[in-house]
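The structure appears below as structure tokens.
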Number of protein chains: 2
Amino acid sequence: MQQYNDKKFVKSALKVLRSAGHRITRPRRLVLEALGSREAPMSPYDLQKLLQEGDEHLDVVTIYRVLELLQELNLVHKVLSVGGYVRCRLEDGNGCHGYLVCRSCGRLQEFSDESLCRKEDELAARLGFHAEHHLSEFSGLCAGCQV
Amino acid sequence: MQQYNDKKFVKSALKVLRSAGHRITRPRRLVLEALGSREAPMSPYDLQKLLQEGDEHLDVVTIYRVLELLQELNLVHKVLSVGGYVRCRLEDGNGCHGYLVCRSCGRLQEFSDESLCRKEDELAARLGFHAEHHLSEFSGLCAGCQV
DNA sequence: CTTTCTGCAAAAGGTTTGCAGTTAG
DNA sequence: CTAACTGCAAACCTTTTGCAGAAAG
């Protein structure tokens, strides 16, 4: 397959799959490779099309099921503001994961910031709310797309 | 119609509609009343069902179109994490609007916090990103649902 | 009256489910 | 070999589009 890079992601993801008792299959490997090759979120149909270009056919139903599994294992995230999936790029840290989505090139940058989480919890608490999870997705321009 | 309260919201929303050059119609009034009566986000189909209970029938297509318009006018927000719409409860302030969604009762509380926005911008800037909009939706337990 | 808006029909998308056959280990 | 997984067909749900008729102002 062409420019599917980031072997490291695929390799470690496969290990996670294995050790969680799941099988290594062609569809799972292909979806991981496709996700590893792109920085912008992709929908199940995007993934299917991308794979098709490499002459690899997967049923979109299979892609849905693979993504569901990968999400459970925290290997990929669903990005609500753009309706697509990206591979997780953070070593499991502390706070919730947030996303910066470039409105120009579509590229996504993931972050995790404990102090932001703390501030969010405090803000919620001030309103009588006990926050358990923070969804943070910011849109704007990435470094490369600013003039 | 039964418990559709918060007349104030409906009244001022109708005024906004009017002054933006839109007509006051039965569907628009009904959707506003329904949204005004609930604190949890509702989908177009939820709204249709709720209205049906009051023996008011609206085509779901109409509801979609009304919601689209109300969203443009910033009278309602779409909450991505739960896939529904809520009426806006904030006087137009400064920062982006965020949401606290109770995972137990579904109720939503809206907030706008300038210092959170500032922190979010700074965090993004540190990553070379120029943030223009912040999506913040936190889930947890509201005051009433904590033990 | 005229333009905007709604309802209906239908299409277009996206997502889920069931089941028979395939494949990983 | 056997349990887990995939592909296909079909159902289901959500959202969009086009158009003729209704209604707001």
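So that the names make sense, note that chain A is the first sequence line, chain B the second, and so on, each numbered from 1. These numbers were taken from a predicted model, which means no experiment stands behind them.
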Measure [atom1]/[X] against [atom2]/[N] and give the value in whole Å, please.
X       : N      : atom1 : atom2 : answer
A:Leu69 : D:dC5  : CG    : P     : 7 Å
A:Tyr64 : C:dT17 : OH    : P     : 12 Å
B:Arg28 : C:dT4  : CZ    : C1'   : 8 Å
B:His57 : C:dG7  : NE2   : P     : 7 Å
A:Glu68 : C:dT16 : CD    : P     : 7 Å
A:Leu14 : C:dG25 : CG    : C1'   : 15 Å
A:Leu30 : D:dG7  : CG    : C1'   : 14 Å
A:Leu47 : C:dG14 : CG    : P     : 13 Å

Plane angle bin for A:His97 and A:His77 - parallel if under 30°, tilted between 30 and 60°, otherwise perpendicular: perpendicular
Flag, side chain of A:Glu137 to backbone of A:Leu80, donor-acceptor distance under 3.5 Å: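 Pair found, side chain donor or acceptor close to backbone of A:Leu80.
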Pairwise 5' ranking along DNA chain D for B:Lys78 and B:Arg18, keeping only the more 5' one: B:Lys78
Between CG on residue A:Asp46 and CZ on residue A:Arg38, distance to nearest 0.5 Å: 9.0 Å
Taking only the side-chain heavy atoms of [X] (C-beta and beyond), determine which of [options] contains the nearest atom.
X       : options               : value
B:Leu58 : D:dG25, C:dG7, C:dA24 : C:dG7
A:Arg65 : D:dT17, D:dG7, D:dG25 : D:dG7
B:Pro44 : C:dG7, D:dT15, D:dG7  : D:dT15
A:Tyr45 : C:dT6, D:dA3, C:dT15  : C:dT15
A:Asp59 : D:dT14, D:dG25, D:dG7 : D:dG7

First of A:Val60 and B:Val61 reached from the 5' end of DNA chain C, by closest nucleotide: B:Val61
Does [X] place a side-chain N or O at less than 4.0 Å from the phosphate oxygens OP1/OP2 of [N]?
X       : N     : result
A:Thr25 : D:dT6 : yes
B:His22 : C:dC5 : yes
A:Arg26 : D:dC5 : no

Sugar-phosphate only, base, or nothing, as touched by A:Arg29 at under 4.0 Å among non-hydrogen atoms: nothing
B:Tyr99/A:Phe129 aromatic ring centres below 6.0 Å: no
Hydrophobic cluster membership, B:Leu135 vs A:Leu100, 4.5 Å side-chain cutoff: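 Each belongs to a different hydrophobic cluster.
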